[in-house]
Amino acid sequence: KKTIFATATERSRFAINGVHLTCQQGVLKVTATDGRRLAHATAKIPESLLDFTAIIPPRALSLLMKADVSDSLVGVEMDENQIVFHLKDMSIMARLITGRFPDYESVIPKSNKSVLKMSKNDFEGLIRKAALVTSEESKSVKLSLSQGKISASAKTQVHGESLVSMEVDYRGQSMDIRFNPSYLIDGLKACDGKDVVFSMKDPNSAACLSEDGKDGYCYVVTPINIVS
């Protein structure tokens, strides 16, 4: 749920057409990326599960989600070619994806010092309202941030302009930074809880979305660079 949506859909992307799973010392790490955004989640699991690393087709994980395994144990059996998830009443088998998954740890920002904290619903609403005038040819929303304030705006020749502003908890440098609004909304929908944290470095560097007061999830999204 928190990562599958970020998987690449282009068939030529090989390794990133799948979801990367790593289990090590009782910690499960799940990562997906399409090269423009990256979703990364971690969870503690029974240490009895042997360590493994695999790239799994998203369809197999979607089936696992539909099976609603939140309250039951899932057995995992794997060899070099396939993985099998054993549930109470069924098993899901998938052929592993070969290839080298990107070094996602190096992609996750470590020094973003400009930080926005706000309600997840308010942030999503802000983006959706500003994006009403965007089109497939011009899918970009500009976030203008200054101390205590955020504005979201967009402009197209066909649909005109939009501008939405509100007071927020923002601390950092004033900046204008552009994103694909669909990418931001996808990340917000994956977050649990009421509030989110959105950290940035500058208008040309990746931003990171996380859940306020909770560890275990981060969503990295690359801004759109407008060449003047």
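Residue numbers count from 1 along this sequence.
- Of all heavy-atom pairs spanning A190 and Y217, the tightest one is CB-OH, 3.4 Å.
- One finds a salt bridge joining D169 and R171 here, because a Lys/Arg side-chain nitrogen approaches an Asp/Glu carboxylate oxygen to under 4.0 Å.
- Of all the heavy atoms in T134 and A154, the pair that sits closest is CG2-CB, 3.7 Å.
- Here the shortest heavy-atom pairing between M118 and V168 reads CE-CG1, 3.8 Å.
- For the pair L87 and F85, the minimum side-chain heavy-atom distance is below 4.5 Å.
- The nearest pair of heavy atoms linking N112 to A206 is ND2-O, 3.2 Å.
- When all heavy atoms are compared, the tightest approach of P223 to I177 is CB-CG1, 3.8 Å.
- When every heavy atom of I97 is checked against every heavy atom of A15, the shortest pair comes out as CG2-CA, 4.1 Å.
- Looking at K194 and D212, no side-chain N of the basic residue comes within less than 4.0 Å of a carboxylate O on the acidic one, giving no salt bridge.
- A perpendicular orientation is assigned to the rings of F101 and Y104, their planes being inclined by more than 60° (bins at 30° and 60°).
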I55 vs L96, side chain to side chain contact (heavy atoms under 4.5 Å, CB included): CA-CA, chis, key distance, verdict: CA-CA 6 Å; I55 304 174; L96 299 177; over 6 Å; no

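- Using a 4.0 Å cut-off between charged nitrogen and carboxylate oxygen, E124 and K120 do not count as a salt-bridge pair.
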